[in-house]
Amino acid sequence: MTTRRSLMNRLGHVLPATAEVTNGKLRIGGIAVSELVAEYGTPLHIYDEEALRAQMRSYVDGMRQRWPNSDVLFASKAAPLVAIYAIAAAEGMAIDIAGSGELELALAAGVDPERIYFHGNAKTDYELARAIEVGVHMIVVDSEDELDRLERLVPATHKQRLLLRVIPGVDAQTHASMNTGGSDSTFGLPPARVHELIEDLRDHDRLDVVGVHVHIGSQILNTGQFAEAVAALAPIGGLKVYDLGGGLGVAYHEHEIAPSVDEYLDALIAAARKHLPADAQLLIEPGRSTVARAGVTAYRVVVVKQTGKRFVAVDGGMADQLEVPLTGVRFDAILADRADEAPDTEVQLVGRQCESGDLLIDDARLPSPRVDDIVVMPVTGAYSYTMTNNYNGALRPAVVMVSNGKARLAARREEVADLLRLHEPAGGYDWRNPQLTASK
Ligand SMILES: Cc1ncc(COP(=O)(O)O)c(C=O)c1O
């Protein structure tokens, strides 16, 4: 067995499609990760652009083949980067946003507002007014309070297309923080109430309810749960649009397997054929499964030490990988320039934020790590960058896209100046010189 095959045999299914090992070095998009790190620093998010585009196309083509009257929305919360909005739009996806920040990023990427769907359980007046002003295609309504706001905000000259979010009463069998379809969910409204609202709004002059939406959660590995959610929509028949949400899970580590896009679409569309009107438009909103595997994060080892356990601390952590403490996801790791060495050492791979919970990988298997080794965590393309924060003054990592031996910056690294900018004296009061501004 060649060295390349031994790493790829073990972790190939969680690495981006163009990953390879040459002379012990992990390469993505034709470039060694250690070269990328030398140029852009660590922590660094790296996306394999070819893999990203291919996954998007497999969703768009897969839906088109199975249900021609359909659209695939990229759930942009998974990776709200201007570069990824632009790539998703170019690959034929519409865009799901869940807040005005994501709206502005999508617009900045050149996404046509007619391709934007606005989600969220607590949209403010400002956000709704801005969405209406720019002309988003669809607003997905989560509550009756939101309908009241829309009554007030949609001008007489406009008719706003709406979907109503339904709580299907389906347990997605995923981590509690990602389970959104149970009867006690905060997201959406009970089916009977949705039915009544559709009747009440039937002849509304400005609010045009065209369909319903359901989303049962994220990191779902059993396609049967999606079919159940579709079945729950059957009693709400006769609508033009059914948005079946996102949620397909991905394999995060060596021993995890996930359904393929084709397996997922087969299950979903079989359920739709059984339960939904044949002439309806179907929408889906994959986020995680579109981008997760195309991305990896590279860190530098800062400390190796033995206490009760062997700890390896890197220069990132829960400030850039919050999914670990939030959802309990289990990652694997690779040493970028020692990818052909046997992973014979068990270590606690920890971050640098001041929490015992800042444990990136519990019992990671690596070739005995040394200070300055580059650690690569695969499958970080979803919900990593989007949840970055400044805990302990951490600076948001840079993001690069790699393709055919070329790297392009997708987001620059946050700098100290960015941090300080938010704290510049505002409103005339300077906390550093109170005596000078006490009269203000
Ligand atoms: C309404 C909605 N649609 C789609 C998604 C995307 O889910 P996933 O990233 O699991 O595909 C989410 C994320 O939770 C969501 O809240």
Side-chain angles (χ1 to χ4, degrees), residues 52 55-56 58-60 62-63 71-81 84-85 88 93-99 102-103 106 116-123 136 138-143 146 162-168 170 172-182 185-189 211-223 225-226 229-230 233 241-252 258-261 263-265 267-268 282-295 322-323 326-329 379-387:
L52 191 61
Q55 186 73 346
M56 289 173 170
S58 71
Y59 262 118
V60 172
M63 270 304 268
D71 215 343
V72 182
L73 287 48
F74 169 52
S76 67
K77 68 196 74 178
L81 288 145
I84 295 187
Y85 283 105
M93 298 181 96
I95 303 293
D96 150 354
I97 54 146
E102 288 178 2
L103 173 60
I116 297 180
Y117 292 68
F118 190 10
H119 288 269
N121 66 319
K123 305 181 193 79
V136 301
M138 191 85 81
I139 296 178
V140 184
V141 176
D142 194 87
S143 66
E146 187 177 340
L162 306 177
L163 299 178
L164 302 186
R165 181 163 179 169
V166 178
I167 299 176
V170 172
Q173 296 177 2
T174 184
H175 190 281
S177 70
M178 300 185 283
N179 207 339
T180 58
S185 174
T186 178
F187 300 104
L189 291 163
V212 288
H213 164 259
V214 72
H215 172 75
I216 58 172
S218 197
Q219 187 54 12
I220 299 164
L221 297 171
N222 177 356
T223 56
Q225 306 316 108
F226 296 110
V230 174
L233 295 180
V241 182
Y242 291 82
D243 181 338
L244 308 179
L248 177 63
V250 299
Y252 275 101
S260 66
V261 168
E263 286 165 337
Y264 162 69
L265 292 181
L268 197 71
L282 289 193
L283 308 176
I284 57 166
E285 308 164 344
R288 183 185 306 271
S289 55
T290 316
V291 291
R293 191 183 151 192
L322 197 58
E323 265 242 297
L326 192 65
T327 68
V329 57
V379 206
T380 59
Y383 299 108
S384 292
Y385 187 75
T386 189
M387 292 195 212

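Everything quoted here is computed from the prediction, not taken from an experiment. Remember, it's 1-based here, ligands and their atoms both numbered in the order they're listed.
Less than 4.0 angstrom separates some heavy atom of Arg165 from each of these atoms of ligand 1: 1 (C). Heavy-atom proximity to Ala75, at under 4.0 Å, picks out these atoms of ligand 1: 4 (C), 5 (C), 6 (C). Those atoms of ligand 1 with a heavy atom of Asp96 less than 4.0 angstrom away are 3 (N), 4 (C).
With respect to the salt-bridge test (charged N to carboxylate O, under 4.0 angstrom), the residues Arg288 and Glu323 qualify. Checked for salt-bridge contact, Lys77 and Glu102 miss the test: no charged N lies under 4.0 Å from a carboxylate O.
When non-hydrogen atoms are compared, ligand 1 lies under 4.0 Å from the backbone of Arg288 as well as from its side chain. Residue contacts with ligand 1 for His213 involve side-chain atoms from C-beta outward but no N, CA, C or O (heavy atoms, distance under 4.0 Å). Contact annotation: for Tyr383 versus ligand 1, heavy atoms closer than 4.0 Å belong to the side chain alone.
Considering both main-chain and side-chain atoms, Glu285 comes within under 3.5 Å of ligand 1 through a nitrogen or oxygen pair. The shortest N/O to N/O separation between Ala78 and ligand 1 does not fall below 3.5 Å.
Heavy-atom separations between Pro286 and ligand 1 include at least one value shorter than 4.0 Å.
Residue, atom and distance of the protein heavy atom nearest to atom 7 (O) of ligand 1 are His215 CE1, 3.4 Å. Summary of contacts: the protein heavy atom closest to atom 10 (O) of ligand 1 is Ser218 OG, 2.3 Å.
When side chains are defined from C-beta on, Leu268 does not count as touching Thr223, because their heavy atoms never get closer than 4.5 Å.
Nearest-heavy-atom check against atom 8 (P) of ligand 1 across Ala382, Gly247, Gly217 picks out Gly247.
At least one donor-acceptor pair closer than 3.5 Å links the side chain of Thr174 to the backbone N or O of Ser218.
Not less than 6.0 angstrom separates the ring centroid of His119 from the ring centroid of His215.
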